[in-house]
There are 2 protein chains.
Amino acid sequence: MADEPKTTVDRLITADFVITMNPTYDVYTPGAVAVTGDSIVAVGPRDTLTAAYAAKERLDAGNAVVMPGFVNTHGHAPMTLLRALIDDLRLDVWLIGYMMPVEGTFVNPNFCWMGTQLAAAEMIRSGTTTFMDMYYFEEAVADATVQAGLRAVCAQSVLRFPTPDAGSYDEGLARARDFLMRWKNHPLIVPAIAPHAPYTITTDLLEAAVRLALEYDAPLHIHVAETAQEVEDHRKEYGIPPVPWLKKWGVFEAKTTAAHCVYLDEGEIRTLQHYNVGVAHNPSSNMKLASGMAPISRMLEMGVNVGIGTDGAASNNDLDMIEEMRLASFLAKVNTMNPTALPARQVIEMATIMGARAMHIDHLTGSLEAGKRADLIVVSMDDARHMPYFRHFADSIYGRLAYAMNQEDVRHVMVNGAWLMRDRRLLTVDVEALREETSALAQKIDAFLIHREESVLNKLVAIGGVAQDKTFEVQVKVRSNDLTSLKLRLHASPDITFLRGSQRTQYDTYFIFDDQEESRLRYREDEVRPLDSDELIDVIYRLTLTTTAKEREYDRSVLLSRARFDAPATRSRRFYHEYFKPQRVIEIHKTRRRYHIRYGGTDFALNLDQIIKPEDGGSFLEIKSRTWSRQDAERKAMLIGELLKTLKVPDEALIRAEYVDL
Amino acid sequence: MADEPKTTVDRLITADFVITMNPTYDVYTPGAVAVTGDSIVAVGPRDTLTAAYAAKERLDAGNAVVMPGFVNTHGHAPMTLLRALIDDLRLDVWLIGYMMPVEGTFVNPNFCWMGTQLAAAEMIRSGTTTFMDMYYFEEAVADATVQAGLRAVCAQSVLRFPTPDAGSYDEGLARARDFLMRWKNHPLIVPAIAPHAPYTITTDLLEAAVRLALEYDAPLHIHVAETAQEVEDHRKEYGIPPVPWLKKWGVFEAKTTAAHCVYLDEGEIRTLQHYNVGVAHNPSSNMKLASGMAPISRMLEMGVNVGIGTDGAASNNDLDMIEEMRLASFLAKVNTMNPTALPARQVIEMATIMGARAMHIDHLTGSLEAGKRADLIVVSMDDARHMPYFRHFADSIYGRLAYAMNQEDVRHVMVNGAWLMRDRRLLTVDVEALREETSALAQKIDAFLIHREESVLNKLVAIGGVAQDKTFEVQVKVRSNDLTSLKLRLHASPDITFLRGSQRTQYDTYFIFDDQEESRLRYREDEVRPLDSDELIDVIYRLTLTTTAKEREYDRSVLLSRARFDAPATRSRRFYHEYFKPQRVIEIHKTRRRYHIRYGGTDFALNLDQIIKPEDGGSFLEIKSRTWSRQDAERKAMLIGELLKTLKVPDEALIRAEYVDL
């Protein structure tokens, strides 16, 4: 036996404990892992492996654990750059008031590259070897990840809104296709697509995303049921909860990972299990944003693969899977009022192999098994926090890791057979360079926010209830002294279907601001009556903020693209005037007959308006439509042109200005 | 001005941020702290202090925060030695099955000293400078704390049960008095007393503890309303919840700190506020043991001083106040479903000055203010997790600390003007020595638990519902062939008051074990009837485990002291026989007339028993009483002697054996 020649491997790592997270949960005390190239050659008892293998490089870690690196199943890596931008705010104020405007202004490929490098530094130092990402300019995220040497599933976001990397969702889809094509078969990156969430997409967009995922055999990442409000709104709009709705649109035909899943019923959990949808549980984020407590114990009982995620650093505020793991266990215990829920071994399983399963890459990583990529960490057990060590029950090593480990214990990190950290020193990320670059960026963002303190949107957001409306607006206005005959022509056309209508008396007050965005805030009291009666059925009070519009003129219409925010006006006009302190105020009152019509298979709003203040303000026909998609907007602009021809409106009657600008 | 002579101080520490936690929350960027001897001389802007003071030692910390050290308001320091002994169990199984037997066997002054040293190592490395402790042999805890250089309020426990440091509660009270006397006016230690919890004390014991606290002006530490079950049981027993009950017994006249307070109503919170009772909130422990979520936001709103604690390492499993702080904020947010709950600055306040207030030592520590003791930490902001740094809103430094700080960032720790850690190197605790000592202890505990795997108690505990009964039992038995005339004499005595009674038919099966503890497990079916009727009103099924008794004979009675555990018997006798596999089985059936009487102001149980199996087993009078106090037991033994004289029972009729031994 002694003469039997040893096989030579690249690296042999030994330690007092080797935790495999293989299907039989083998733990070797002491144990060893042999690595050649990017892969694990063997895992087993130390003496067996040292007898069988000669190694070019040998690491004897002693009182330490060798285990699979952590798998962070949900995050937005570049958002490290927005960490602690502001904390402890309402979700809508935080998101609409801070995250979205700063992202809209600052997110570019360089931002994503730099933010991902910063995220990589944190993740490596806290023992993460693989992560799932969803953001913009995902090719920059992938690039920075490869440079850091980490493994990732990178999902390019598509939303119905314009995003920092796409002016419309058509552009977003094109960008996603390009990304899937270019990164296919990369040794570290699995490219994926992320239709962001049910409430930020359209069914068209969703179907297109699923088609792309299936075409490229790519994972699909999506936020699902993160807040109670979102689920309630979804039920109101579609009559069913998010999971059956996603199923209906074919999402679960793809290799899907659903982030959050805080509000699911039993049937929805069963659906996720049936379609092998992975779940990414984000305890810190769900607690910090007060989203709620996900039914993780139930999901695990029902056989769903649940991984653990940090979410973005803006809602965490770090990317430490060790904290997240501990918190997942604690939260499950207090949520079910059962201290035996989510025990140590199971939570470590979630943070490693089950996370890899939830991301559909468990053939590559998540456990120490021969043939898998060598993604591992070496965790020192030397610190006082790991004393004493009891051996009387078998799972004690898992308890020590799950409940007392700190990232300071992570000494060495290897991904794909290459060392990324030795003795807590990062080998692939230059943190000092990042310190300077991130500091310069933070100064710019600070300046932007300080300047914006006077911004109308910011102040609107601060008083709550604000929602962003669709971005593309197609409209046309025609001055007409004879609304009656126009109405007759409308009714006479066989191509126009009337859907419903109302009479309005609208008292609009425009607050005009001389700020950079040329903000206009409209306060509207809208008296609603049926078309055929004078009975007042409702008075609607609303605030609408619009900023500089980018215009594009068409033959017979104008296409506006601009940020537009709506909020219920729960206080008086006087209050808003004092609160916002506009530079000018313009009042426009009008009576409006509003018709919802269908033309060319498409819905339009059609207004017959009589201006009553200023006096003799004239009467007008307005045709309007709003959408999230530029392509859709252009199609509608064409249809409006046709419609005007049908109504025999002469070109010279067309007006492109708003009432307030007349 | 340049010529003005500088005052010389011992130490001057400067940093980019000095967070004072003084009443106006001053933050100096950059700032400085001047220290002479044990105290802070000045805190302010860096340039002001460097101009005013010359220093024997100067530390310029640069990109770092100087702030008050953390104040850990609740824990059991020596329990670090029981860390990860076993995890993820039901509270009763964990406590009665593991913690209590191991503590009973292993806790001695050396255990407490060593465990406290280990706790001190962890606490210093995670930035804690002051803690509140409740355990046994508290003089050893205080001693180890002084050696480590930390500040602590050390509370000597008193319980109605025998404890590792006191065979009875009288002994416990004597020990507490001695401790309060000897440690008064120590520069680092504030001695205190800890009546453990409402459910582990008696009202006598509570009153005695309050008297001691008032006599020595010592803080009083107590567990309050940790679990729902405990509060429900308390309401059942006393008709009121714990807080008004404690108030009734005068506890809040002392400087009290109440640990946990998970289940309080509005009125109870108002009472705590009114009496300036501090609360120690323990988020990790409350989550890990699934105790519940304390109404912390409400307590803060109502003006209660709430500090943060780690609890013992056995239920945490580390002593890291940074994790605890983050968790306190997260838990409050998800508990109230409000992301603005417990914002960063407030949670840092709880972890420092408010914690000191809750412990009634805010005149000494908790904030950086001239005149207070120099208890401070230096936290590096160099790590990737602290990038970038936004300045646009004032509280951002608190957010960075509360949500992204890790103990690795704590570089230097000072208590009472002395350095305890520099550059993460401990200066006062020898961790290597502790590694050897704790390892030797763990081996002994492992051996004890492995041996005990066969123990009857362990198996009883494993099936649940077990409660420990009183420890001291005074009893006497008299064989009497004429129960009727004995009964007449009983009724005739003017000194004996009858309270209530019942008729029983008791079918007892004794499982006898040949183990070291000479365990006996009794399975009893107890048919209950009124004294004057044959109507069956209840059948009670119970298991009672007793182990070797220490006996002490009195003139006319016997005093037994032994562990005794009760549990409802919810399964069949056959099940228990198979489950426990006893060496022998003995059956004893009897009819019993049970009287509850009062004699000499004291309640006794008096049984007139007729043995029906074995046949001709004879008839007996039994007088019994149980108590937690040895002194009380001795008093009762005397009374039983008198009672027997009143009943004219001849000495030779006395039997000291149990029925099963006859």
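Below, read A as the first sequence line, B as the second, and so on, with proteins coming before strands; counting in each chain starts at 1.
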Participant: Measure the spacing between OG1 of B:Thr29 and CG of B:Asp16 and express it to the nearest 0.5 Å.
Facilitator: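 Here the interatomic distance stands at 8.5 Å.
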
Participant: Would you say the side chain of A:Leu449 lies within less than 4.5 Å of the side chain of A:Leu85, judging by non-hydrogen atoms?
Facilitator: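 Result yes, sub-4.5 Å side-chain heavy-atom pair found.
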
Participant: Look at the side chain of B:Asn317 and the backbone N and O of A:Ala404, then say whether any donor-acceptor pair between them is shorter than 3.5 Å.
Facilitator: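 Side chain of B:Asn317 to backbone of A:Ala404, a donor-acceptor pair under 3.5 Å: no, none is there.
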
Participant: Do the side-chain N and O atoms of A:Asn406 and A:Asp383 include a donor-acceptor pair separated by under 3.5 angstrom?
Facilitator: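 Side chains of A:Asn406 and A:Asp383: no pair found under 3.5 Å.
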
Participant: Sort out for me which of A:Asn316, A:Leu426, A:Leu434, A:Asn338 touches chain B most, counting heavy-atom pairs under 4.5 Å.
Facilitator: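 Most heavy-atom pairs within the cutoff with chain B belong to A:Asn316.
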
Participant: Which one of B:Leu441, B:Leu327, B:Asp382 has the most heavy-atom pairs closer than 4.5 Å to chain A?
Facilitator: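 Most heavy-atom pairs within the cutoff with chain A belong to B:Asp382.
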
Participant: How far apart are the closest heavy atoms of A:His281 and A:Ala328, and which atoms are they?
Facilitator: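 Heavy-atom minimum between the residues: CD2-CB, 4.0 Å.
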
Participant: Given heavy-atom pairs under 4.5 angstrom as the criterion, report whether the side chain, backbone, both or neither of B:Leu289 touches chain A.
Facilitator: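 For B:Leu289, backbone heavy atoms alone lie under 4.5 Å from chain A.
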
Participant: State whether a side-chain donor-acceptor pair under 3.5 Å links A:Tyr403 with B:Ser284.
Facilitator: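 No donor-acceptor contact under 3.5 Å links the two side chains.
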
Participant: Which answer fits B:Thr336, side chain, backbone, both or neither, if we ask what part of it has an atom under 4.5 Å from a heavy atom of chain A?
Facilitator: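 Answer is neither: B:Thr336 stays 4.5 Å or more from chain A.
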
Participant: Under a 4.5 Å heavy-atom cutoff, which of B:His386, B:Glu432, B:Glu408 has the most pairs with chain A?
Facilitator: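 Maximum pair count with chain A is reached by B:Glu408.
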
Participant: By a 4.5 Å heavy-atom criterion (distance strictly below it), what part of B:Leu331 contacts chain A: side chain, backbone, both, or neither?
Facilitator: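 For B:Leu331, the contact with chain A is made by backbone and side chain together.
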
Participant: For chain B, find which of A:Ala84, A:Ala228, A:Ala384 contributes the most heavy-atom pairs closer than 4.5 angstrom.
Facilitator: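 The candidate making the most pairs under 4.5 Å is A:Ala384.
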
Participant: Check whether B:Thr340 gets within reach of chain A through its side chain, its backbone, both or neither, counting any heavy atom under 4.5 Å.
Facilitator: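 Contact with chain A involves both backbone and side-chain atoms of B:Thr340.
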
Participant: Should A:Phe390 and B:Tyr98 be marked as a ring pair (Phe, Tyr, Trp, His ring centres under 6.0 Å) after you check the CA-CA gap, both sets of side-chain angles, and the distance that decides it?
Facilitator: CA-CA 13 Å; A:Phe390 295 103; B:Tyr98 290 86; over 10 Å; no

Participant: Please report the C-alpha distance between B:Phe330 and A:Phe330 in whole Å, then the side-chain angles of each, then the deciding distance to 0.1 Å, and finally whether the ring pair (Phe, Tyr, Trp, His ring centres under 6.0 Å) criterion is met.
Facilitator: CA-CA 12 Å; B:Phe330 283 7; A:Phe330 282 7; over 10 Å; no

Participant: For the candidates A:Arg326, A:Arg125, A:Met293, which exhibits the highest count of non-hydrogen atom pairs separated by less than 4.5 Å from chain B?
Facilitator: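 Result: the option with the highest number of such pairs is A:Arg326.
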
Participant: Chain B: which of A:Glu437, A:Arg400, A:Glu323 shares the most heavy-atom pairs with it under 4.5 Å?
Facilitator: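 So the answer, after comparing A:Glu437, A:Arg400, A:Glu323, is A:Glu323.
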
Participant: Do you know which of B:Val431, B:Asp320, B:Leu81, B:Leu342 has the most heavy-atom pairs with chain A at a distance under 4.5 angstrom?
Facilitator: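 Ranked by contacts with chain A, first place is B:Leu81.
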
Participant: Who wins among A:Glu122, A:Gln443, A:Met337 for the most heavy-atom pairs under 4.5 Å with chain B?
Facilitator: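 The candidate making the most pairs under 4.5 Å is A:Met337.
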
Participant: Quick check on B:Asp409 against chain A: is it the side chain, the backbone, both or neither that has a heavy atom closer than 4.5 Å?
Facilitator: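 For B:Asp409, no heavy atom lies under 4.5 Å from chain A.
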
Participant: In terms of heavy-atom pairs under 4.5 Å, which option from A:Leu82, A:Asn286, A:Asp87 contacts chain B the most?
Facilitator: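 With the most close heavy-atom pairs to chain B, the winner is A:Asp87.
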
Participant: Can you tell which part of B:Ile86 gets under 4.5 Å to a heavy atom of chain A, answering side chain, backbone, both or neither?
Facilitator: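 Both parts, backbone and side chain.
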
Participant: So is B:Lys444 actually on top of B:Phe106's ring, under 6.0 Å and inside 45° of the axis?
Facilitator: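 Not satisfied by the 6.0 Å and 45° rule.
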
